[in-house]
Amino acid sequence: MSPFASSRSFLRQIDVSTLDLFMLTCETGSIAQAAERGQIVASAISKRIAELELLARTPLLHRHARGVRPTPAGELLLRHAQAILMQVEHLRADLGEYARGVRGVVRLSANASAVEQFLPEDIASFVSQHPEIRIDLRQNTSRAVARAVRDGVVDLGICSPSEEAAGLAVLPYQREHMVLVIPAGHALSKRRRMLYEEALDYPQIGLRDSSIVRETLDREAQSVHRALQQRIEVDSLSAMCRMIECGLGVGVMPEGAFRALDKAKRLRAVALSDSWAERELNLYAVDFAGLTAAARGFAEAIGAKEGAAAPASRRP
């Protein structure tokens, strides 16, 4: 149970600037340093924190000779303050967009597979019908995408299923098939389908921070008592293709991304027949019903694509 007074009086008496100063004090570990960075006198910060402690009915800071640190209740307040101030920043940005004529912003995070294969066309279609709505797209790993949704950094996330996505509201988005990309003259270039374990004889080019794919490949290698020869890690699928073109190794990527990169002349894509090579991409939110009108409209426009598999997680 929260130590804070659960009343409207608490909400009316607390203010955003006090929360910001409390966060600054916790970050610096010193009221004096917080006062210097916040351009306010130290006594004013002390007074505001004392008022917070009075409202919370419990100490929020441990005072010691070298400065201060949050109590357990202070750590709880710090987490809530971070979320509140992030929402305030979103509000400020959204109001600024309205002042410039934009009538909505969709904050979206997606993994490389979604960005390289499906999202450009989906975003273009949505924006053509809703030119007053801006899409703020951030690319990240699947796990980071799910965390961004859970933490409220973005409205929507598109990524592969992971432990971090468990419990989030979900809609199916697309399916993708993983292929092995090799140079045109490679020893495997005449193969149409193959098991991934056959690729373990060759150096691998991997996508940096693509933890789910890397874990899958490591697991496959271990299952046949082999080691993954990860020669180079790169930051994008296009960079992976360039490394493979230069004969530095082979790499695993979604077939749609390979085709979108238009590398068919110099490279070959061999279909992988492993069960894990068929993968889901899902659309995630904390709560679809609680989204802004712009974000909800975008989710409805791109979610539940024909032929997409229904995920096991809860639907909106």
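In this structure the side chain of L52 reaches within 4.5 angstrom of the side chain of L77, judged on heavy atoms. The side-chain heavy atoms of R242 and C246, taken from C-beta on, include a pair separated by under 4.5 Å. Here the side chains of P254 and M178 are in contact, with some heavy-atom distance below 4.5 Å. Between M86 and V153, some side-chain heavy-atom pair lies under the 4.5 Å cut-off. Looking at heavy atoms from C-beta onward, P203 lies out of side-chain contact with V250 at the 4.5 angstrom threshold. Side chains of R231 and Q204 form no contact here, defined as non-hydrogen atoms less than 4.5 Å apart. At least one side-chain heavy atom of L217 sits under 4.5 Å from a side-chain heavy atom of W276. By the 4.5 Å heavy-atom criterion applied to side chains, F298 and I123 are counted as neighbours.
At distances below 3.5 Å, at least one donor-acceptor pair connects side-chain atoms of Q117 with backbone N or O atoms of S113. Of the possible polar contacts, one joining the S128 side chain to the S125 backbone as a donor-acceptor pair under 3.5 Å is found. Side chain of R175 to backbone of L281: no donor-acceptor contact under 3.5 angstrom is found. Side-chain atoms of S109 come within 3.5 Å of backbone atoms of R138 as a donor-acceptor pair (strictly under, hydrogens ignored). Judged by distance alone, with hydrogens and angles left aside, the side-chain atoms of S46 form a donor-acceptor pair with the main-chain N or O of A42 at under 3.5 Å. The main-chain N or O of R66 is found under 3.5 Å from a side-chain atom of H64 such that the two form a donor-acceptor pair. Looking only at distances, a side-chain donor or acceptor of D15 sits under 3.5 Å from a matching main-chain atom of S17. Looking only at distances, no side-chain donor or acceptor of T25 sits under 3.5 Å from a matching main-chain atom of I31.
Shortest non-hydrogen contact noted between S160 and R279 is OG-NH2, 3.3 Å. For the pair A114 and I158, the tightest heavy-atom approach, listed with the atom from each and the gap, is CB-CG2, 3.6 Å. Considering all non-hydrogen atoms of both residues, R143 and I212 come closest at NH1-CG1, 3.5 Å. Considering all non-hydrogen atoms of both residues, S30 and V68 come closest at N-CG2, 4.0 Å. Nearest approach of G38 to L24, heavy atoms of both residues: N-CD2, 3.7 Å. Counting all heavy atoms, side chain and backbone alike, P59 lies closest to A73 at O-CB, 4.0 Å.
Salt bridge E51/R48: absent, no basic N to carboxylate O contact under 4.0 Å. Contact check on R150 versus E164 returns no salt bridge, with no Lys/Arg side-chain nitrogen under 4.0 Å from an Asp/Glu carboxylate oxygen. Using a 4.0 Å cut-off between charged side-chain N and carboxylate O, D155 and R296 make no salt bridge. Salt-bridge check for E220 with R226: failed, with every basic side-chain N at 4.0 Å or more from each acidic carboxylate O.
Cluster annotation: V179 and L195 are assigned to distinct hydrophobic clusters (Ile/Leu/Val/Met/Phe/Trp/Tyr, side-chain heavy-atom contacts under 4.5 Å, transitive).
Remark: Q139 CD to L119 CG distance equals 9.5 Å, nearest 0.5 Å. With values rounded to the nearest 0.5 angstrom, R259 atom CZ is found 12.0 Å from L261 atom CG. Once rounded to the nearest 0.5 Å, the distance linking NZ of K190 with CD1 of I182 reads 11.5 Å. E176 CD to M253 CE: the interatomic distance, rounded to the nearest 0.5 Å, is 11.5 Å. The CG atom of L272 lies 11.0 Å from the CD atom of E278; values are rounded to the nearest 0.5 Å. Note: I205 CD1 to I232 CD1 = 4.0 Å, rounded to the nearest 0.5 Å.
Within a 6.0 Å sphere centred on CZ of R63, other residues, nucleotides and ligands contribute more than 12 heavy atoms. Within a 6.0 Å sphere centred on CD of Q229, heavy atoms belonging to other residues, nucleotides or ligands number more than 12.
Side chains of E255 and H177: no donor on one and acceptor on the other come within 3.5 Å. N111 and S142 share a side-chain donor-acceptor pair at under 3.5 Å.
If you look at Y202 and H186, their ring centroids are closer than 6.0 Å.
L171 pairs with exactly one of N282, L283, I302 by the side chain to side chain contact (heavy atoms under 4.5 Å, CB included) rule, that one being L283.
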